[in-house]
Amino acid sequence: MTRTSASAHILCVVGARPNFMKIAPIMRALAAAHGLTASLVHTGQHYDAAMKHAFFEQLHIPEPDVDLEVGSGSHAEQTAQIMLRFEPVLDERRPDAVLVVGDVNSTVACALVAVKKGIPVIHVESGLRSGDRSMPEEINRILTDQLSNLLFTTEAAAADNLAREGISYDKVHFAGNVMIDTLFYNLAGAKPAAATLGSAGQAGWAAHYGLLTLHRPANVDDPATLKRLLETLVEISRETPLAFPVHPRTRARIEAAGLAGLLETGRFALLPPQGYLEMLGLMRYAALVLTDSGGIQEETTALGVPCVTLRDSTERPITVSEGTNTVVGSDREAILATVAAIRAGEGKAGRQPALWDGRAAERIVATIAEWCGVARAA
Ligand code: UD1
């Protein structure tokens, strides 16, 4: 960017739950920066109190300047609605750049609108690749990176992925992980696991429990796969009871497939979607975490808690090579073998990846200020 005026306006976008913990430290760093002003647009992709408001409150994210209120829909509907509603916001506010985070539909939709209007796009958490194009997020990642002018990565492999796709190194900055900024910032305020388990009448499980999250279409949309996974999880829960905050998508799929009764045969603390501080408490003290989330693979690595990833691939390979993550897929034997190893004390201890130090947002904002030509010489 070649502007040299005294201040630049960065319009930031969030849409879905995992975006909220990524934007929180960025908004804080932008507010503290000289020469940068920030505004926040929420697309409304996630809208329930449990999926949105709890995060804004707990993470002290400023209320959005604009809420596009798009809600749910098919991928095409949701993406198209976001684009239609985002364009007039850019016309009115005329930001100097649009900053998007992560890999959800809101990320790619807003990046596409901005770039077509000649507004530079900043992508935080770029370059992650699972290699699995059947994941909607993988498509969102590839396209958003192609559209972006300034790209911030969380781990070294990301720059190689971007280079392979023809994105020049001079646009790419290794900044660290803003999700881990949020984790360290909030760790002292994490809610005790006993209180959260107690809300499902199972405070007594706090001494030994696992945490389970499940929401990927590949795991929950096909009734046969979902049944196989739940049967395996029932087996695990007999020895290690599982706290299970149930994503709205998963709740609907379990009900539609008639699998609620199966869950009753195991030891699950079935919880509504939890706030950030409740999740942090549940993760921190868990004996193990079973998940298909992307962010939780990173958070468990930062916390040193063994993580069993119920997917065939990960876009976050550093959580495997340096962290506590084991990618096992949805095969019963593989899951049970990994859980048995963790119970035997053979879980991965891991180490903190480079630049996962709580200061990624500061580095990102300093680079943005320089790029916008507003960095102070002082
Ligand atoms: C989205 C992201 C995914 C992310 C996940 C975290 C995409 C393609 N996917 O998936 O990467 O890991 O968020 O949660 O962007 N619903 C509610 N209340 C809400 C939001 C959704 O009930 O506040 C229900 C609706 O029935 C909706 C379904 O959840 O149809 C799925 O929501 P959607 O935003 O389409 O995708 P997620 O599965 O949440």
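Positions are given from 1 along the sequence. In each ligand, atom 1 is the first atom listed, and ligand 1 is the first ligand listed.
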In short, Gln78 meets Ser72 closest at the heavy-atom pair NE2-CA, 3.9 Å
Fill in: Parallel, tilted or perpendicular, as decided by the 30° and 60° cut-offs, for the rings of His42 and Phe20
perpendicular
| query | Side chains of Glu138 and Ser130: is there a donor and an acceptor less than 3.5 Å apart? | reply | yes
**Asked** If only atom types and distance count, is the side chain of Glu77 paired as donor or acceptor with the main-chain N or O of Ser74 below 3.5 Å?
**Response** yes
Write none if no such pair exists; otherwise list each N/O atom of ligand 1 with its protein N/O partner under 3.5 Å and the distance.
from: ligand 1; atom 1: 9 (N); to: Glu137; atom 2: OE2; distance (Å): 3.4
from: ligand 1; atom 1: 11 (O); to: Glu137; atom 2: OE2; distance (Å): 2.5
from: ligand 1; atom 1: 12 (O); to: His215; atom 2: NE2; distance (Å): 2.9
from: ligand 1; atom 1: 13 (O); to: His46; atom 2: NE2; distance (Å): 3.4
from: ligand 1; atom 1: 14 (O); to: His247; atom 2: NE2; distance (Å): 3.1
from: ligand 1; atom 1: 15 (O); to: Gln45; atom 2: NE2; distance (Å): 2.8
from: ligand 1; atom 1: 15 (O); to: Asn105; atom 2: N; distance (Å): 2.9
from: ligand 1; atom 1: 18 (N); to: Asp48; atom 2: OD2; distance (Å): 2.9
from: ligand 1; atom 1: 22 (O); to: Asp48; atom 2: OD2; distance (Å): 3.4
from: ligand 1; atom 1: 23 (O); to: Tyr47; atom 2: N; distance (Å): 2.9
from: ligand 1; atom 1: 23 (O); to: Asp48; atom 2: N; distance (Å): 2.9
from: ligand 1; atom 1: 34 (O); to: Gln45; atom 2: NE2; distance (Å): 3.2
from: ligand 1; atom 1: 34 (O); to: His46; atom 2: NE2; distance (Å): 3.3
from: ligand 1; atom 1: 38 (O); to: Arg249; atom 2: NE; distance (Å): 2.8
from: ligand 1; atom 1: 39 (O); to: His46; atom 2: NE2; distance (Å): 2.8
from: ligand 1; atom 1: 39 (O); to: His247; atom 2: NE2; distance (Å): 3.0

*Under the 3.5 angstrom rule, does the side chain of Gln352 hit a backbone N or O of Ala302 as a donor-acceptor pair?*
yes
Main-chain N/O of Gly261 paired to Thr265 side chain as donor or acceptor, under 3.5 Å = no
